[in-house]
Amino acid sequence: EPLLLVKNVEKAYGKGTNTFNALENISFEIDHGEFVGVMGPSGAGKSTLLNILATIDTPTSGDILIGPDNIAKMDEEKLADFRRDHLGFIFQDYNLLDSLTVRENILLPLAIAKKKPAVIKERVEEIAATFGISNLLDKYPYQISGGQKQRTAASRALISKPKIIFADEPTGALDSKSATDLLESMSALNEKHEATIMMVTHDAYAASFCRRILFIRDGRLSKEILRGRKTRKE
Ligand code: ADP
Ligand code: ADP
């Protein structure tokens, strides 16, 4: 049974005769333990798709199952809980809280979930070690580099062991050394079966860390590459 099942998802923007179909008939599955890339030209619908999967936006029609739950049909109250308990996010611009330390930023999801302080402390130290930021825990975001900020954001996304992580251009603002560090840490967690990741990227180097890449073009799934083999989907 797949972890994520996307079925006939459509997204139309606008009203009446002015509607524009940003996504048309998108269907695919992601299994537990996958690291899937999503690529495609600017305007193809990548952000629209990711925002829908991340429950930030809703599809015009279609179903999105994560385990037994259909997030396309869930009411906002239930969705807020689901998002907090089961989903992780990494954005291009980090989205850290400037008034909190690295440690406080990372532990936020566990604090909100009211975990015990001892559990929180252990988990923060474990995830910070994975991302190589153990020595930065008491610093504030303005005191660290972009790469370190993104590793802080990734630690926060992963700390509650979400079912799936949605990453939107996570290396978009990073230099190549920082991008490599981030991608290697994400891959390591993925290979240890601790994270299922879906990453939108326009960067072929970032995509090379994914075992499967979905290509979107004009709102449709146009192609899929699996371990270097090309398969046409149209
Ligand atoms: P990508 O992330 O691949 O660059 P987007 O998902 O941002 O693509 O956009 C897909 C298409 O939908 C584009 O043509 C874009 O102009 C359009 N679009 C995105 N957001 C909106 C919106 N809020 N209202 C109307 N059109 C939109
Ligand atoms: P920019 O971000 O300005 O395009 P980069 O130096 O990040 O420049 O990347 C230049 C090119 O090299 C890009 O195509 C990128 O995908 C690729 N690249 C970046 N980092 C590495 C790396 N560590 N090893 C191999 N290729 C890389």
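One is the number of the first residue; the rest follow in order along the sequence. Just follow the structure's listing: the first ligand is 1, and inside any ligand the first atom is 1.
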Any luck finding a side-chain donor-acceptor pair between Tyr13 and Thr60 under 3.5 Å? no
If you count only heavy atoms, which residues are under 4.0 Å from ligand 1? Tyr13, Phe20, Ala22, Pro41, Ser42, Gly43, Ala44, Gly45, Lys46, Ser47, Thr48
Cut-off 3.5 Å, side chains only: do Arg156 and Asn95 have a donor facing an acceptor? no
Distance only, no hydrogens: is a donor on one side chain within 3.5 Å (strictly under) of an acceptor on the other, for Asp175 and Ser178? yes
Between Thr101 and Asp138, is there a side-chain donor-acceptor contact under 3.5 Å, judged purely by atom types and distance? no
Test side-chain contact (heavy atoms from CB on, under 4.5 Å) applied to Lys121 - qualifying residues, sequence neighbours left out: Glu125
Salt bridge check, Asp81 against Arg84: does any charged N sit closer than 4.0 Å to a carboxylate O? yes
